[in-house]
Protein chains: 2
Amino acid sequence: MTKKSALDTEDSATDAAARAGWLYYVGGLTQDQIAAELGVSRQRAQRLVSKAMSEGLIHVRLEHRIAACLALEAGLKRRYGLRLVRVAPAQGPGTDPTHALAPVAAEVMERFLRQPDPLIIALGTGRALRAMAEELPKMTCEQHKLISLVGNIAPDGTASNYDVLMRVADTVRAPHYPMPLPVIIDDEEIRRMFYALPQLKIVARLADQADVTFVGVGHMTESAPLYIDGFISARDLHEQRAMGAVGEVATWCYDSEGRYLEDGLARRVGGLRAGGKPGGEVIGIASGPEKVIPLRAALKGGLLNGLVTGEETAEALLADPE
Amino acid sequence: MTKKSALDTEDSATDAAARAGWLYYVGGLTQDQIAAELGVSRQRAQRLVSKAMSEGLIHVRLEHRIAACLALEAGLKRRYGLRLVRVAPAQGPGTDPTHALAPVAAEVMERFLRQPDPLIIALGTGRALRAMAEELPKMTCEQHKLISLVGNIAPDGTASNYDVLMRVADTVRAPHYPMPLPVIIDDEEIRRMFYALPQLKIVARLADQADVTFVGVGHMTESAPLYIDGFISARDLHEQRAMGAVGEVATWCYDSEGRYLEDGLARRVGGLRAGGKPGGEVIGIASGPEKVIPLRAALKGGLLNGLVTGEETAEALLADPE
DNA sequence: AAGATGTCTGAGCATATGCCCATAAGTCGA
DNA sequence: TCGACTTATGGGCATATGCTCAGACATCTT
């Protein structure tokens, strides 16, 4: 009757494991106490507790609204091989997704800013980053360097409304390196001239060494922020879309596989691509239904290795099969 | 005073605690890793994990029925003709038996709450039910009606500390019907007046139709909860004991045969007896050495047809010869 | 403004935990 | 029955954890 006895021992072993797990996780006893209670050695108690957990007898649940967000974070990390993911809880329908994102994004950035070691922090632009900047607390970060990836001169010649760099640098009191050029430079000669400027080379070199980069992610539908804000023309938009553009990061468009497009508009962009030093973090900050396609592409192509997004967006990013 | 009501205020500290608790209990990370992940010190991570636990964010459940407990359940079912019995594994000496019971009781109640068909659920009071309420997961049960069998006004005029109904209704988001009267009403005239209130009649009618009733079981020794909590006087206690009282369910005392006492204190009780509709379930939730006698009497008298108790108590209930 | 009060933080330490390894106890085939 | 192999057991140790305590910080009071 080896079979029956095997079953018996298996059952009683599982029973003992369950009992030990109950005492440990529910009762809060120490393994010594469990050993005494069950009349076994401490090591055996430890093994039973471990077995209870590994066999899934113990089910742990987190009773909090961010529990779902944490699960989404884990899913996104695994699926896209990301290093840092934060998912902001949904704030109910009708609320601006960017607004919900800002405090969470600010928290992420604050963590970098609080590092005592000097960091090079590169910044893109856009509404999400602007909102993040508003949520940053006042602090003093003389040790870091903030640099901008995008030009700070809007098409009309004024400083851009969404100049994130200045706002952040002002709030956190850090040395900062703006990019003194237009977002889009139509004349190739002038563009080359800009790029030859010494201070721009400094910024470019810093950007290449960035420890962490924060960028927004733009969509390329008819309501593309680049177009709405007048940085590119309808014709540019259609051209890029025809070339397969589904999103842009720091004005650089990419296709559905997350590959940067090298022709057309890309030849007129004033600014740098997100990247930073090898092993540096590139964190995308974006949320909303229109961001799902651009985000998925950017993540697939490895343009980002970090993400701050909203609950619904995260769900959408994980919804479709691999 | 930044005293926060634990229910609605969900501050960032609790968010962080939830995050840490998730990483620790679900993710299985060490506190050092959590500290790194969250960018805080190890001590802070430890405090966050501890806070997640103490605030009841973490719920642990055992997904395995231990054979010994199953045997006790079967024994109790047969001996007392019960319909539903759950026996929680022992938690070792020195631990509060009520606390050990709570997760199991919550599981039982959760099963009713998950019914899609509308149910009328009646609730008593007491420490065991209160502890059960703490273990309930957040859910939405608009279809059910929760009613209280006991008054919610303590002798000192405040709402009772153990107001189970509100806590449960708040956690599971169900319509609820409290009993707006004192637990004990000394003046007979006033008592009649209370009972004549229309809303009380509504509650009484609902209680009579209850599909399931959850009640604690009180003992009537010198440490009777009714007495300890100041609902009845020492004189009341001794009077009832002299009349044969060995236990009480929802403030209604009964003798060793499980027959309700109709005189004395019973004339001053504000509240309803556990019963519900014909065929409805009346589930007692109680554990501990002092509960053995009251439980045996209640089961013998058929005051309950369901039971959630602890292993030792179950053993004691089955120990003596029929 | 100064002091008092209460809360938060990080260092240090005693204890609990997890894991490796040598040894004991089975288990199976010849 | 023996020997080889697998599985379980407890000792010991490195590490993780929980807790205490003194100092920092902020808030409130006089």
Side-chain angles (χ1 to χ4, degrees), chain A residues 1-58 60 62 107 110-111 113-117 136-141 172-173, chain B residues 1-6 9-58 60 62 91-95 99:
Chain A
M1 304 263 64
T2 39
K3 206 172 273 181
K4 183 170 190 302
S5 79
L7 274 176
D8 271 1
T9 53
E10 191 179 304
D11 277 354
S12 71
T14 308
D15 257 28
R19 200 172 273 278
W22 168 266
L23 291 169
Y24 190 72
Y25 290 104
V26 183
L29 301 205
T30 171
Q31 295 183 355
D32 273 315
Q33 296 172 292
I34 294 169
E37 183 76 11
L38 267 52
V40 299
S41 69
R42 187 187 72 76
Q43 285 81 354
R44 178 139 183 75
Q46 196 275 327
R47 283 187 185 102
L48 288 171
V49 169
S50 160
K51 177 173 179 170
M53 180 50 89
S54 69
E55 294 206 351
L57 304 180
I58 302 297
V60 182
L62 179 63
E107 208 180 310
E110 195 186 330
R111 186 152 83 232
L113 290 168
R114 291 220 182 277
Q115 299 276 344
D117 310 317
L136 283 172
K138 286 221 182 298
M139 50 197 294
T140 308
C141 304
V172 305
R173 301 236 161 270
Chain B
M1 227 24 180
T2 45
K3 189 73 185 172
K4 50 210 163 220
S5 79
T9 313
E10 295 182 343
D11 54 338
S12 62
T14 306
D15 278 13
R19 191 167 283 275
W22 162 273
L23 292 170
Y24 191 72
Y25 291 104
V26 183
L29 300 203
T30 172
Q31 295 184 357
D32 272 315
Q33 295 173 293
I34 294 169
E37 181 88 16
L38 268 50
V40 298
S41 70
R42 188 188 69 79
Q43 281 85 352
R44 178 138 186 75
Q46 197 274 328
R47 284 188 184 102
L48 287 172
V49 170
S50 159
K51 177 173 181 171
M53 180 52 91
S54 69
E55 295 210 350
L57 269 40
I58 304 294
V60 184
L62 180 63
Q91 281 203 340
T95 50
H99 185 258

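Per chain, numbering begins at 1; letters A, B, ... match sequence-line order. The basis for the numbers below is simple: all heavy atoms, side chains too, and nothing from hydrogens, waters or symmetry mates. Model, not experiment: these values are computed from the prediction.
Within the structure, side chain to side chain donor-acceptor pair (under 3.5 Å) pairs that include any residue of residues 17-26 of chain A comprise A:Arg19-B:Glu311 (at least two apart or interchain). The list of salt bridge (charged side-chain N to carboxylate O under 4.0 Å, His left out) pairs with a residue in residues 22-38 of chain A, not counting sequence neighbours, is empty. Residue pairs that meet the salt bridge (charged side-chain N to carboxylate O under 4.0 Å, His left out) test with at least one member in residues 20-29 of chain B, sequence neighbours left out, do not exist here.
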For nucleotides 5-7 of chain C, print each protein N/O atom paired with a nucleotide N/O atom at under 3.5 Å, atom names and distance only.
none

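When all heavy atoms of A:Cys141 and A:Leu113 are compared, the pair lying nearest together is SG-O, 3.7 Å. A:Val172 and A:Pro137 make their closest contact through CG1-O, 4.2 Å (heavy atoms, listed as atom of the first residue, atom of the second, distance). Closest of all the heavy-atom pairs between A:Leu62 and B:Ala18 is CD2-O, 3.3 Å.
Taking atom NZ of B:Lys51 as the reference point, atom P of D:dC19 lies 16 Å away to the nearest angstrom. We find that CG of A:Asp32 is positioned 14 Å from C1' of D:dG11, with the value rounded to whole Å.
Annotation: side chain to side chain donor-acceptor pair (under 3.5 Å) contacts of A:Arg114 (sequence neighbours excluded): A:Glu110. Residues forming a side-chain contact (heavy atoms from CB on, under 4.5 Å) with B:Ala45 (at least two apart in sequence, or on another chain): B:Ile34, B:Ala35, B:Val40. Every residue two or more places apart in sequence or in another chain that forms a side-chain contact (heavy atoms from CB on, under 4.5 Å) with B:Ala52 is listed here: B:Ala17, B:Leu57, B:Ile58. Taking the side chain to side chain donor-acceptor pair (under 3.5 Å) definition, one finds that B:Gln31 meets it with nothing, sequence neighbours left out. Partners of B:Arg47 according to the side-chain contact (heavy atoms from CB on, under 4.5 Å) rule, which considers only residues two or more places apart in sequence or in another chain, are B:Gln43.
More than 12 heavy atoms of other residues, nucleotides or ligands lie within 6.0 Å of CZ in A:Arg111, so this atom counts as buried by the packing criterion.
Contacts between residues 39-48 of chain A and DNA chain C, defined by a heavy-atom separation below 4.0 Å, involve A:Arg42, A:Gln46, A:Arg47, listed by number. Looking at residues 19-31 of chain B, you'll see B:Tyr24, B:Thr30, B:Gln31 sit with a heavy atom under 4.0 Å from some atom of DNA chain D.
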Item to complete: Under the side-chain contact (heavy atoms from CB on, under 4.5 Å) rule, what do B:Gln91 and A:Val26 come out as? Steps first, then yes or no, please.
Response: CA-CA 9 Å; B:Gln91 281 203 340; A:Val26 183; 3.5 Å; yes

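Direction change of the helix axis from one end of the helix from C:dA1-D:dT30 to C:dA30-D:dT1 to the other is 30°, with five pairs defining each end axis (rounded to 10°).
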